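Heavy-atom basis, side chains included; hydrogens, waters and symmetry copies ignored. As the structure is a computational prediction, the values presented were derived from the model and not from experiment. Throughout, protein chains are lettered first and strands after them, A, B, ... in sequence-line order, and every chain is numbered starting at 1.
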Protein chains: 2
Amino acid sequence: MTVPTGRRERKKAATRQKIADTALRLFLERGYDAVGIRDVAAEADVAVTTLFSHFPAKEALVFEQDADFEQRLTRAVTDRAPDEPLVPALRREVLALVRHCTGEGAGPIWHMIDSSPALRKYEESMRLRHAEALAATIEAEFVPARTPTVCRTIARFAIAAYTLAREATEPEAALDEIFQMIEAAWETTRPA
Amino acid sequence: MTVPTGRRERKKAATRQKIADTALRLFLERGYDAVGIRDVAAEADVAVTTLFSHFPAKEALVFEQDADFEQRLTRAVTDRAPDEPLVPALRREVLALVRHCTGEGAGPIWHMIDSSPALRKYEESMRLRHAEALAATIEAEFVPARTPTVCRTIARFAIAAYTLAREATEPEAALDEIFQMIEAAWETTRPA
DNA sequence: TTCGGAAAGCTAACCGTTAGTGCTACGGTT
DNA sequence: AACCGTAGCACTAACGGTTAGCTTTCCGAA
């Protein structure tokens, strides 16, 4: 049994962070496509293979908070107040996530993502993973009151809400509209 | 101005088809990952660069009907009967597309796609392109009666319906459920 | 027939990614 | 305190998809 108490984990996390920071810095300085994996590895002073042992692909260097995002969504479902309905809980969390990505100094990063097809593509499949995780969480609570298909659909819709709102000119207004639609979709499946 | 009368176009189309057919055959024979671009090019008796002048990526060799799919969706909107509402028209077309992909001899191809991460990923981003094209078509007709956000959302939902139904154990039943939800979502945005 | 241009070809590379192998240092055990 | 087992990291070398640069071929229009 191992509940590793420390140094190793800290060093590993430090290496990972150093790689991520270096990568983001280089990407913003010179542009995502103009920076190669070998450049990042050299600048972070690690081997290429080490980089790939921390991140599954070049694009993942940009989406460091991947796991966080997923966890926040699923927890929004599992940790909500006992009397709070599903959709409003989802709405609150998605709103928070959208605010987090449209505010403050996140502009340059999202501009970079939007202008790189590879990054856009990677984000899409990442979001789909999140949708599947969210679907599993929702199914765990609502099947068999609702069918698995309905649960999966709502999960997809919630992710779509995030993506569409982020792209909209007025993210929060867009989110209101979309969640009104999601609410209607969910309500129509209420069992007798 | 050129309305090229023929031979060139025919030869080009023939080359394209030969590449696609060869690729699909090899993929099904030996497995997608086990067949390299150079193998396909050699077997189709063309240069690698020629192959890439017809298809933008290896994965595209598998999704030859890409453009068809998109066109069928957008035409389902534009060419529907004057009195037919949007959602039922979408539902009909998506149902046809799902049937087309779950029936007959399409099994092996979809099995191959499902078991290759690269192909799954490629399909996702392809579907998203379709959603964007569909969104543009819907917007062209319904803005400003509905907001652009609502139109884009419905387009996404329709694509999600296709994907989710195809994955479901009972595709047609799943499609019924999902389109009931989409109908509710669309209705709730009806202007006063 | 001649000529512009599109299609196809070849070579050679670029770049992300992955084996394969071995070394080092940490952590728990004796 | 000495000792393993293993996780983290390094290095080399390659693989496979993709592209650039340039040449060749051949159709179609004038």
**Q.** Sugar-phosphate, base or nothing in reach of B/Val48, heavy atoms under 4.0 Å
**A.** base

Q: Scan B/Asp45 against the nucleic acid and name what it touches under 4.0 Å (heavy atoms): base, sugar-phosphate only, or nothing.
A: sugar-phosphate

Q: Please check if any side-chain donor atom of B/Glu177 sits under 3.5 Å from a side-chain acceptor atom of A/Thr153, or the reverse.
A: no

Q) Rounded to the Å, how far apart are A/Leu51 CG and D/dC11 P? A) 13 Å

Q: Starting from C1' on D/dA10, measure out to CD1 on A/Ile19 and report it in whole angstrom.
A: 12 Å

**Q.** From CA spacing to verdict: side-chain hydrogen bond (donor to acceptor under 3.5 Å, both in side chains), A/Gln180, A/Asp176
**A.** CA-CA 6 Å; A/Gln180 203 174 325; A/Asp176 280 341; over 6 Å; no

(Q) I want to verify a distance call: between D/dT18, D/dC9, C/dT17, whose nearest atom is closest to the B/Lys58 side chain? (A) D/dT18

Q | 5' precedence on DNA chain C between A/Ala57 and B/Thr15 (nearest-nucleotide basis) | A | B/Thr15

(Q) I need the NZ-P distance between B/Lys12 and C/dG5, as an integer number of Å. (A) 16 Å

Q: Report the distance from atom CD1 of B/Ile37 to atom C1' of C/dC15, rounded to the nearest whole Å.
A: 16 Å

Q. What is the distance, rounded to the nearest whole Å, between atom CZ of A/Phe52 and atom C1' of D/dC11?
A. 15 Å

Q) Considering only side-chain heavy atoms of B/Ala47, which listed nucleotide, C/dG9, D/dG17, C/dG16, is closest? A) C/dG9

Q | Parallel, tilted or perpendicular: rings of B/Trp186 and B/Phe142 (30°, 60°) | A | perpendicular

Q: Would you indicate which nucleotide in D/dA10, D/dA20, C/dT17 comes nearest to any side-chain atom of B/Thr49?
A: D/dA20

Q) Roughly how many Å is it from CZ in B/Arg30 to P in D/dG16, rounded to a whole number? A) 13 Å

Q) Reckon A/His54 has a side-chain N or O less than 4.0 Å from the OP1 or OP2 of D/dG8? A) no

Q) Do A/Glu141 and A/Arg80 meet the salt-bridge criterion of a basic N to acidic O distance under 4.0 Å? A) yes

Q: Round to the nearest Å and state the distance from B/Tyr122 atom OH to D/dT18 atom C1'.
A: 13 Å

Q.
Measuring centre to centre across the rings, with the benzene-like ring taken for any Trp, is A/Phe69 within less than 6.0 Å of A/Phe63?
A. no

Q | Base of D/dG16 paired with side chain of B/Arg38 (donor-acceptor, under 3.5 Å) | A | no

**Q.** B/Asp33 CG to C/dT18 C1', straight-line distance once rounded to whole Å
**A.** 13 Å

